[in-house]
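First comes the structure, then the notes that go with it.
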Protein chains: 2
Amino acid sequence: MNRPSALTADLSLMRELNRALVLQLIRREGRISRADIAKHTKLSRSTVSSIINDLIDASLVTETGIGTSKGGRRPIILEFNYQANYIIGLDVSRNAVSAVITDLNARICSRRQISFNVNDGPTVGMPLIKQLISTMLTESPVGRGRISAIGVGVPGPLDFRNGRTIAPPVMPGWDNVPIREELSQTFRLPVSIDNDANLAAMAEYRWGAGQGAQNMVYLYMSSAGIGAGLIIDSHLFRGSIGSAGEVGHTTLSVENDESFGPINAGSLEALASQITVLRLAREQKLINADDDVHALVRKAESSPEIQAILRRTAHYLGVAIASIINIFNPDRVVIGGVIPETSPLLIETIRATVARRALSIAVNNTSIVPGALGRNVAALGAAALATERLFAPPALERPATLGVHSNEVGSLAS
Amino acid sequence: MNRPSALTADLSLMRELNRALVLQLIRREGRISRADIAKHTKLSRSTVSSIINDLIDASLVTETGIGTSKGGRRPIILEFNYQANYIIGLDVSRNAVSAVITDLNARICSRRQISFNVNDGPTVGMPLIKQLISTMLTESPVGRGRISAIGVGVPGPLDFRNGRTIAPPVMPGWDNVPIREELSQTFRLPVSIDNDANLAAMAEYRWGAGQGAQNMVYLYMSSAGIGAGLIIDSHLFRGSIGSAGEVGHTTLSVENDESFGPINAGSLEALASQITVLRLAREQKLINADDDVHALVRKAESSPEIQAILRRTAHYLGVAIASIINIFNPDRVVIGGVIPETSPLLIETIRATVARRALSIAVNNTSIVPGALGRNVAALGAAALATERLFAPPALERPATLGVHSNEVGSLAS
DNA sequence: GGTACTTTGTCAAGACAACAAACAAACATA
DNA sequence: TATGTTTGTTTGTTGTCTTGACAAAGTACC
C-alpha cells in the first residue's frame, strides 16, 4: 500500500523547481527582465541569470529587446519562446476526430478533422487516429522535429494510472484499450490522455472563460453527452477512480416547481443533452430534420416553443449545477457547448434556477458564464494538458492540511 | 492580484523538506531504523543520520532499542516521541465547549467540558472559552510548557484567511469575530481554527473510519446541524469561500419513491437533523420529553414507528450523499454523529438509497461506514489540525495538472 | 573458534546550487 | 560633467547532499 511517496529533495530538484518557477513566471507575465524576475521570485539576481542562461540555451526563452529605464541601466526584455515546440491535440468524439497543432501558447496553427464512427471499435478506430496523427506530423507547417507532445481527449472515464479507457458508455467496444501506450510507442512522443470534459475544462481555465478562477466547474454539453470537469486550486480533480464530475448519468431529482410540473427522475443526459433538445424540437416540428444546433438556437429567437424547450433544459442543468455549487463552492462555473455558448436564454435560465436552489452565500460568490473557446475546446485542452506536462515542476507533497493557522508563533518544523 | 506565489527553493528549504519527509515516515511507520529510512526516502545514509541527529536534538525522535539482524549489524530503532509536545483541541458547540489535551498521536490525556450558550454572543462566550483554555493549561498533567498549539472548531463557516467567523447560521451574534487572533495573542501559542465538520473529518481520516482513504467525504450529524467535510488527496477541501460541504442548508429534492410519498423541498437540516428526529419522535409520543438520542436509538429496536422515522431520515441523507458521490467520486464516506454511529438501521438504509441513486461505477468503489471516534471527534480533529500544522512541510506549488501521462519519453522540463 | 560475508552507522572529500558582495555597463538627473 | 540608480555578471562563501571508505557489530559456514 505504498502511496506515491514525496520526492526527496536534492540539488537537482532545487534547480528544477526554480527553473519551473522562473519559466512559469515568464509564461504568465509575457515580457519581463531578469531583475524583475528576481524581485518576483525572491531569487538572487545571479541565480536568475544562471537559470535564464539555461533556458536560453534550451531556446525556451529569448531576449527580444531593451526596455525603458527607470533611472538606471535599461533592462533586457525576456520572452517565452512560444514557437520553441509544438503540440498535437486530439479530440475523439462520437462521429469525428478533430486534431489541432498549437504552439506553446495554444495558438492553433493547423487543424484537421476526419469522420469517424466510435461504434466501429478500436480495431477500426485506432488506425484512423494514428493516421490522422501521422498526417498532422508530416503535413504540419512547423516540421515534425519540433512537435514534442501529443494530447488526446476521449468521451468517457479513464483509468489514469495506465491511460486506458474503462467501460466508456458512449464508446462500446473500447473497454480497456491502452490508447496512451500505443500512441506513445508508435510516435515516440510523450502522450497525455484524459476525459474530454476534463480537457475542455482545462482549456477554458487556462485560456478561456475560466481564467483567474481558483475553483472552477466546467459543464460540457457536447454532442456526445454531458460531463463536468472540476478544477481545484488550479488542478484537475478526477476523484478516486476517475468518475468525478460524471454528472451525465446521474439520477436527477426535480421537485414541483412553479414553472414546471412534477417530473419523474431520469438521467441528466437523457433529460438535457444536445441530442434530446434536437429530438424534442424535431418531434414538435419546430425545426427541420437536417437542422443542427446552430439552426435551433437561431430559430429559437422567434419560436416560443423552442424557447420553452431551452428553458426546461436549462432548468435541469441548473438543478445539477446548484448541487455542485453547494458541495464544491467554486468561484466560477463555465458552461461549454454550442447551445450554452450561443443561447443567452439558456445561460440566464440556468442562473435563475441556480439562484433559487443553491446556498445563497455560495451563489453570490460564483459567476456562471458560457464557454469562450468554441468548437475546438477539447482538442485545445488536450494540447494544453500535454503542454502543461512539459513544464510541470516535479510533484511534491502538499502540506497535510489547508486549515486556518496563526502565523504569529513559529512551528516546530521550521 | 498576486496569488500565493510558489516558494523559491534554496538550501534551507531542501533541508526542511527532507526533515519533514523523514519525520512523516517515522510517524507513519512507528518503529524504523536509519537504514530503512534511507531505503524508503532514497536519501543517502549519511544524510539520514544528519537529519536524525537534528530530530533527536529537538527531541522529536528517540532511539528506543536495538532491532534484529538480517545478517549484519543490528539496527538502532527510532521512534517518534509522541510525548514531545501536547496539543489542546477545542470544540465549540451550541450548548457546550469541550476540550481535550492530546499527545502528538492524538491520545487524549485530559478532557473537560463546560456548558455554554452560543446565543449569548462573543462578549460572554469568548471569556468562557479563554477560561477553559486557561484551566486546561494550568491543571494539565503535562505542564504548561509542553503544550505547543491550540486547535479550535466552530459550527459554522469561516473566513480562513484571517480566522474569523462569517455569518454562522447557528451562531447568532458571532459574525466576524477574530477568534484566532484573540486566542493567539492571549496564550502566545499557534492557533488553528476550522469548521467542526471539517475537523471531525480530519480526525476520522487520520485516526478513525477514514484511515487509508484517498478521497473521503464525512457527513457530520451533530446536535448543531448537518455538515460535510471533504478530504481530497489527504487534504481538507474548503472551496472558494469556505462553504464547500455546507450541505445542511441545501434545498433537497426528493422525487416520488416506492417507499416514500412525494415530499416538498426543504433543507437537509430541516428534514434530517438530530433535532428533527427527536422532535418527530416526541410529537408522536414514541419517546419521553427528556429522552436523548441514545434513548431514541435504544427504543428504536422495539418500535417500528421510530424505525420509520429513522428510515425516512436515512433516505434524505442518502439523497444528499448520492449527489456528493456522483460529483466527487470518493472512495470512502464516513457518517458521524450519535445516531449514525449507534444505529445500524440508519447506515443500512443510507446504503440502500445511495445504491439506487448514485452512479453504479462510483458506488461500487465507495464504502459507506459510520464514524468510529465517538463524542470527542471534533475536539480531537481540532487537535489533529494543530498537530499537522506543526509538522507540515513547506507549501510548494503542485504540478499544474493531474492528467494521465506517458513516462516513456522525457519532458522538456527535466 | 576462525574466516568470509552483510548490514548499520559515521566520517571526510567532493559536487553543486544559491547567495552576498563587488564590479562593470548603461542610463537619468542635476 | 559629476552623482546616483538600475541592470546584469563575476567571484568567493555557505550549506546540503552524495560518494566512497571505514569501523562496528552482527550472521553463516567450515
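So you know, we letter chains A, B, ... as the sequences are listed, proteins then strands, and number each from 1.
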Can you name the salt bridge (charged side-chain N to carboxylate O under 4.0 Å, His left out) partners of [X], sequence neighbours left out?
X	answer
B:Arg74	none
B:Asp331	none
A:Arg31	A:Glu79
A:Arg146	none

In the structure I gave you, are the side-chain heavy atoms of B:Leu158 and B:Arg164 within less than 4.5 Å of one another anywhere?
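Side chain of B:Leu158 against side chain of B:Arg164, heavy atoms only: no contact under 4.5 Å found.
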If a pair satisfies ring pair (Phe, Tyr, Trp, His ring centres under 6.0 Å) and one of its residues is in residues 48-74 of chain A, list it, with sequence neighbours excluded.
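Residue pairs passing ring pair (Phe, Tyr, Trp, His ring centres under 6.0 Å), neighbours aside: none found.
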Not counting sequence neighbours, which residues clear side-chain hydrogen bond (donor to acceptor under 3.5 Å, both in side chains) with [X]? List them please.
X	result
A:Asp10	A:Ser12
A:Ser46	A:Ser44
B:Asp54	B:Arg15

Close N/O contacts between protein and nucleotides 1-4 of chain D (under 3.5 Å):
residue, atom, partner, partner atom, Å
D:dG4, N2, A:Gly71, O, 3.2

For nucleotides 9-21 of chain D, 5' to 3', base contacts (B), sugar-phosphate-only contacts (S) and non-contacts (-) with protein non-hydrogen atoms under 4.0 Å give BB----BSSBB--
Quick check for you: name the first and last nucleotides of DNA chain C, 5' to 3', having an atom under 4.0 Å from a heavy atom of chain A.
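The footprint of chain A covers C:dC16 to C:dA28.
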Not counting sequence neighbours, which residues clear ring pair (Phe, Tyr, Trp, His ring centres under 6.0 Å) with B:Phe80? List them please.
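With neighbours one apart ignored, the set is B:Tyr82, B:Phe391.
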